[in-house]
Engineer: 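A single structure is presented below for examination.
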Amino acid sequence: MINKEKYVNNIPQELKEHKQWLWFKIYQNKDKNGNIKLVKIPISPITCDSND
C-alpha cells in the first residue's frame with residue numbers, strides 16, 4: 001500500500017502547481033506465449049489509484 005502522505009509531502013511545489021503529470025506503477029504480465037512483459041499503469045498522485 002502506498003503511504004500517500006509520505007509521497008505528497010515530498011512533491012516539489014513547482015510540480016504541485018502543474019496538473020498534467022502522473023505517477024506510474026510497473027506490473028509484470030505474461031503474454032499468451034508465457035513471456036514476461038512489463039506494463040506501466042498510470043497512477044493519480046492525488047488519489048493513488050489507477051485511472052481505470
Side-chain angles (χ1 to χ4, degrees):
M1 186 77 179
I2 294 174
N3 181 344
K4 182 179 172 183
E5 277 189 40
K6 173 184 170 187
Y7 289 102
V8 171
N9 290 336
N10 288 321
I11 297 171
Q13 185 60 38
E14 296 84 20
L15 291 178
K16 289 180 184 179
E17 294 171 3
H18 299 280
K19 304 289 183 192
Q20 73 269 15
W21 57 282
L22 295 173
W23 291 340
F24 287 94
K25 186 167 186 173
I26 297 179
Y27 290 98
Q28 291 184 356
N29 286 341
K30 287 187 181 178
D31 65 11
K32 62 183 177 181
N33 297 322
N35 298 320
I36 294 177
K37 300 288 183 178
L38 296 179
V39 179
K40 280 177 40 176
I41 306 294
I43 305 292
S44 168
I46 296 168
T47 64
C48 294
D49 280 331
S50 62
N51 299 324
D52 295 326

Engineer: Please write out which residues are connected to I36 in a hydrophobic cluster, directly or through intermediates, given that two of Ile, Leu, Val, Met, Phe, Trp, Tyr count as joined at side-chain heavy-atom separations below 4.5 angstrom.
Structural biologist: none

Engineer: Looking only at heavy atoms, which two atoms of I11 and K16 are closest? And how far apart?
Structural biologist: O-CE, 3.2 Å

Engineer: Any chance you could measure I41, atom CD1, to N29, atom CG, to the nearest 0.5 Å?
Structural biologist: 7.5 Å

Engineer: Do Q28 and L38 have side chains that get closer than 4.5 Å, going by heavy atoms?
Structural biologist: yes

Engineer: Got a sec, which residues hit side chain to side chain contact (heavy atoms under 4.5 Å, CB included) with E17, two or more places apart in sequence or on another chain?
Structural biologist: Q13

Engineer: Please name all residues satisfying side chain to side chain contact (heavy atoms under 4.5 Å, CB included) with K40, sequence neighbours left out, ordered by chain then number.
Structural biologist: F24, I26

Engineer: Does the N33 side chain pair with the main chain of N35, one donor and one acceptor, at a distance under 3.5 Å?
Structural biologist: no

